[in-house]
Amino acid sequence: QVQLVESGGGLVQAGGSLRLSCAASGRTFSSVAVGWFRQAPGKEREFVAAISWSRGRTYYADSVKGRFAISRDNAKNTMYLQMNSLKPDDTAVYYCASTAQVMGVMRTSTYDYWGQGTQVTVSS
């Protein structure tokens with residue numbers, strides 16, 4: 001199994017920035033890619049960004065392109081999500097997830113392991 005622990009969430013004003021971290025442990029060699037998803041109250045969980053461990057290939061939802069940046073530190077088994085120009089619509093619980101698959105990284109069903117989530121609240 002792969003254990004994932006998110007950190008870095010909090011309250012920020014619109015236009016501000018936050019950096020989320022996701023530390024992976026356990027059978028991390030089985031993880032091919034990691035992703036960030038978010039879920040706002042009353043809404044479905046949605047894809048935000050993903051990155052492959054080996055080549056660092058990145059994927060973004062249209063809603064965050066140009067504002068968010070995903071990165072990884074292979075030596076630390078840690079993934080990051082730098083969030084800039086935050087908007088109230090970005091308010092949600094953010095989850096990181098791990099998958100052993102190379103395809104379909106924008107789908108929640110692709111991921112095998114999930115963190116517990118971290119709350120991000122953007123005030124207007």
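Owing to the predicted nature of the structure, the values given are computational and were not obtained by experimental measurement.
- Distance check: Gln3 CD to Arg27 CZ gives 10.5 Å after rounding to the nearest 0.5 Å.
- For the side chain to side chain donor-acceptor pair (under 3.5 Å) with Ser31, the lone residue among Trp53, Tyr113, Tyr111 that qualifies is Trp53.
- Residues Ile70 and Val34 share a closest heavy-atom pair of CD1-O, 4.2 Å.
- Contact detail for Ser63 and Arg67: the closest heavy-atom pair is O-NH2, 2.9 Å.
- Between Leu4 and Ser98, the shortest heavy-atom contact is CD1-N, 3.6 Å.
- In this structure, CH2 in Trp36 is found 12.0 Å from CD1 in Ile51, a value given to the nearest 0.5 Å.
- When all heavy atoms of Leu86 and Val12 are compared, the closest pair comes out as CD1-CG1, 3.6 Å.
- Taken to the nearest 0.5 Å, the CG atom of Leu20 stands 13.0 Å off from the OH atom of Tyr95.
- Under 4.0 Å is where a charged nitrogen must lie from a carboxylate oxygen, and between Asp62 and Lys65 at least one such pair does.
- In this structure, Asp90 CG and Leu18 CG are separated by 10.0 Å, a value rounded to the nearest 0.5 Å.
- Between Glu6 and Gln116 the shortest heavy-atom distance is OE1-OE1, 2.8 Å.
- The hydrophobic cluster containing Met106 does not contain Met103, counting ILVMFWY residues as joined when their side-chain heavy atoms lie under 4.5 angstrom apart, directly or transitively.
- In the displayed structure, Gln13 atom CD is contacted under 6.0 Å by at most 12 heavy atoms of other residues, nucleotides or ligands.
- Gln39 places a side-chain N or O within 3.5 Å of a backbone atom of Lys43 that can act as its donor or acceptor partner.
- Atom CZ of Arg72 is separated from atom OG of Ser52 by 6.5 Å, given to the nearest 0.5 angstrom.
- Because its NZ or CZ atom is both nearer than 6.0 Å to the ring centre of Tyr80 and within 45° of the ring axis, Arg19 counts as a cation-pi partner of that residue.
- No close placement of the Tyr59 and Phe47 rings is indicated, their centers lying 6.0 Å or farther apart.
- Note: the hydrophobic cluster containing Trp114 also contains Val105 (ILVMFWY, side chain heavy atoms under 4.5 Å, direct or indirect links).
- To the nearest 0.5 Å, the span separating OH on Tyr94 from OG on Ser7 amounts to 15.0 Å.
- Here the closest heavy-atom approach between residue Thr91 and residue Ala40 is recorded as O-CB, 3.7 Å.
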Determine whether Arg38 and Glu46 satisfy the following criterion, side-chain contact (heavy atoms from CB on, under 4.5 Å), listing intermediate values before the conclusion. CA-CA 5 Å; Arg38 65 187 182 186; Glu46 66 175 5; 2.6 Å; yes
